[in-house]
Amino acid sequence: MHDPLVDDGVIRKLWIGEAGLYRDHLLRLDMASRNSRFGGAVADDFIAGYVNTTFGLNAIVHGFFVDGVLRGAAELRPLGPTFAREAEAALSIEQAWQSHGVGSALLDRTLLAARNRGIRMLHMACLANNRRMQELARKFAAELTFDFGSVVGEVAAARPTPLSVLREAVADGHGFATAMLDVQSRMLRPI
Ligand SMILES: CC(C)(COP(=O)(O)OP(=O)(O)OC[C@H]1O[C@@H](n2cnc3c(N)ncnc32)[C@H](O)[C@@H]1OP(=O)(O)O)[C@@H](O)C(=O)NCCC(=O)NCCS
């Protein structure tokens, strides 16, 4: 990937204590993006409650960080024990970072995490007029089939392999090191 906007950023999983970063990112979305993300107009309070639920549900959230600020996110929410092989996925990119490949990179990481957890069905609540999301989905047509207007993506290559698990571990290792540097630089910053 050679887009400077993307190259300037880092993708890594969010930690459990980072719910506030996710909430602030969702609150920063412009109105149109917020509507697309949640399928309609939602209030700030709704977003705060939504994020608390996400982090209480064992969800995996990959974040796209620029200069330590979360500018994009992809959420993978398992549907629970009754639907152990199903999950819901949702993406959000702040306006200035849209159409620069961030959504593609985040969906790629989310699909890898889904695959390694044996998830076969990914639901994506997406408005029928969301062209960009549909184009993005088309790029992953080999791995997903989407049914827009209502929902849905199906993960075809669902079986984890040692290589797919290693890919996720390596990605997390890189992310972890970068996250540690982030924390250190925040601690060292003069007050
Ligand atoms: C939808 C969204 C996640 C896509 O992420 P993104 O980073 O903007 O998308 P990408 O840059 O990875 O582009 C993916 C594909 O969409 C298409 N695309 C990009 N910009 C587009 C535009 N302005 N109009 C139409 N299609 C577009 C391209 O085919 C692109 O693939 P390519 O770059 O290989 O040609 C992001 O725009 C977003 O967060 N929107 C608001 C919230 C939302 O709609 N969430 C989805 C609900 S689950």
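On a predicted model such as this, the values are computed, not experimentally measured, just so you know. All ligand and atom numbering here is 1-based and tracks the order in the structure.
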- Item | With Glu94 via salt bridge (charged side-chain N to carboxylate O under 4.0 Å, His left out) - residues at least two apart |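 Expected list: Arg28, Arg71.
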Side-chain donor/acceptor pairs under 3.5 Å, residues 38-48, sequence neighbours excluded:
unit_1: Asp44; atom_1: OD1; unit_2: Arg34; atom_2: NH1; d: 3.0
unit_1: Asp44; atom_1: OD1; unit_2: Arg34; atom_2: NH2; d: 2.9

- Query: Heavy-atom distance under 4.5 Å between the side chains of Lys139 and Ser104, does that happen here?
  - Reply: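 Sidechains of Ser104 and Lys139: in contact.
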- Item | Side-chain donor/acceptor of His25 to backbone N/O of Phe64, under 3.5 Å |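 No, the answer is negative, given that no donor and acceptor are paired below the 3.5 Å cut-off.
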- Query: What's the spacing between Met124 CE and Leu136 CG if we round to 0.5 Å?
  - Reply: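 Rounded to the nearest 0.5 Å, the CE-CG separation comes out at 7.0 Å.
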- Task: Only counting residues at least two apart or in another chain, list the ones meeting side-chain contact (heavy atoms from CB on, under 4.5 Å) with Ala90.
- Result: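 If we apply the side-chain contact (heavy atoms from CB on, under 4.5 Å) test to Ala90, skipping adjacent residues, the hits are Arg37.
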- Task: Tell me the residues surrounding ligand 1, counting only those with a heavy atom closer than 4.0 angstrom, sorted by chain and number.
- Result: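 Only Ser33, Ser36, Arg37, Ala90, Leu91, Ser92, Ile93, Gln98, Ser99, His100, Gly101, Val102, Gly103, Ser104, Ala125, Asn130, Arg131, Arg132, Met133, Glu135, Leu136, Lys139 have heavy atoms that fall under 4.0 Å of ligand 1, ordered by chain and number.
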